[in-house]
Amino acid sequence: MLKFAVISFPGSNCDYDMYYAIKDALKEEVEIISCDETSLEGFDAALIPGGFSYGDYLRSGAIAKFANIIPALLDFANAGHPVLGVCNGFQILTEIGLLPGVLQHNTSMSFISAIEPLTVVNNDTLFTKLYDKNQHINIPIAHGEGNYYCDDTQLAELKANHQIVFTYDQNPNGSCADIAGITNKAGNVLGMMPHPERAVEEILGSEEGLLLFQSILKSFKGELTRVN
Ligand SMILES: NC(=O)CC[C@H](N)C(=O)O
């Protein structure tokens with residue numbers, strides 16, 4: 001069994017969605033831990049859920065950067081363990097420097113809640129290996145600050161390193177290059193605004209998010225096979 005940590009901040013509101021996606025849909029071990037903790041020892045992967053950490057004050061994710069768990073999360077990511085940040089989790093990953101760029105207010109300046117068509121532009125990652133290349137999937141979004149921005153040099157690097165993983169088919173928020181999700185250069189940290197954990201069974205309207213979590217599992221099994 002793999003053990004996932006869901007890191008909960010004051011104001012997280014998708015921690016239980018993430019928890020149940022892992023526990024009931026993926027059927028792996030998962031624990032919600034407070035951002036006041038200082039260690040991720042014993043966990044195989046870390047998940048940063050959506051929400052409004054510290055009320056989104058200053059800027060989404062800007063205060064979460066100072067939580068006790070962050071040094072351990074940086075070490076965990078830099079050691080190559082999988083880290084997934086969804087929505088506010090993506091915002092936090094950019095604030096702590098694990099991913100390039102920033103998430104600005106949507107160009108409409110409104111909160112958008114919708115099921116969004118996406119394209120899986122890179123299926124050669126540990127998070128997307130079970131999708132087909134250029135597969136179209138429908139995943140919900142729910143954010144006010146999802147407008148991804150990076151400068152031209154960063155965008156050229158993201159493209160050259162195949163770090164753009166998901167793009168919007170009908171860009172809802174003004175993100176540059178239609179970006180919905182990116183990885184770090186090493187490929188073990190994924191940030192995305194759409195919520196795969198809210199699309200893990202048909203009754204939720206889509207189960208196309210489940211493949212992402214199953215991909216993480218498959219990546220681990222591949223690794224274990226190689227090690228043994
Ligand atoms: N669902 C969420 O994680 C909300 C994200 C974020 N706080 C925003 O509104 O942009």
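Side chains are part of it too, since the values below use all heavy atoms of this structure and drop only hydrogens, waters and symmetry mates. Counting starts at 1 for both ligands and their atoms, in listed order.
Polar contact with ligand 1: present for Glu145 (N/O pair, distance under 3.5 Å). Annotation: Asp56 places an N or O atom under 3.5 Å from an N or O atom of ligand 1; distance criterion only. Inclusion of Val86 in the set of residues having an N or O under 3.5 Å from an N or O of ligand 1 is not warranted. Residue-to-ligand polar distances keep Arg198 apart from ligand 1: every N/O pair is separated by 3.5 Å or more. By the 3.5 Å distance cut-off applied to N or O atoms, Cys14 is not counted among the residues near ligand 1. In terms of polar-atom proximity, Gly146 is not counted as a contact of ligand 1, lacking any N or O under 3.5 Å from an N or O of the ligand.
Counting atoms of ligand 1 from 1 in the listed order, those under 4.0 Å from a heavy atom of Gly144 are 8 (C), 9 (O), 10 (O). Counting the atoms of ligand 1 from 1 in the order shown, those under 4.0 Å from a heavy atom of Phe111 are 9 (O). Atoms of ligand 1 lying under 4.0 Å from any heavy atom of His195, numbered from 1 in the order shown and given with element: 1 (N). Proximity to Ala142 (heavy-atom distance under 4.0 Å) selects the following atoms of ligand 1: 1 (N), 2 (C), 4 (C).
By heavy-atom distance, the residue among Met193, Gln104, Gln91 lying nearest atom 6 (C) of ligand 1 is Gln91. When Ser60, Ser113, Gly51, Gly50 are checked for heavy-atom proximity to atom 4 (C) of ligand 1, Gly51 turns out nearest.
When each of Gln163, Lys159, Glu157 is paired with Asn161, the side chain to side chain donor-acceptor pair (under 3.5 Å) condition holds for Gln163 and for no other.
Side-chain contact, Ser175 with Asn173: a donor N or O sits under 3.5 Å from an acceptor N or O. Checked by atom type, the side-chain pair Asp124/His162 shows no donor-acceptor distance below 3.5 Å.
A salt bridge is absent between Glu145 and Arg59; no separation between the charged side-chain nitrogens and carboxylate oxygens falls under 4.0 Å.
When atom types are taken as modelled, the side chain of Tyr131 and the backbone of Glu208 share a donor-acceptor pair closer than 3.5 angstrom. Between the side chain of Thr125 and the main chain of Thr128, a donor-acceptor pair closer than 3.5 Å is present.
In the hydrophobic clustering of ILVMFWY residues, with side-chain heavy atoms under 4.5 Å counting as a link, Leu2 and Leu26 come out together. In the hydrophobic clustering of this structure, Ile48 groups with Tyr20; members are Ile, Leu, Val, Met, Phe, Trp, Tyr whose side-chain heavy atoms approach within less than 4.5 Å, directly or through other members. Criterion: ILVMFWY side-chain heavy atoms under 4.5 Å apart, direct or through other members. Under it, Ile33 and Ile92 are part of a common hydrophobic cluster.
If you look at Asn88 next to ligand 1, the close heavy atoms, those under 4.0 Å, come from the backbone and the side chain alike.
Taking atom 2 (C) of ligand 1 as the reference point, the nearest protein heavy-atom neighbour is Cys87 SG, 2.9 Å.
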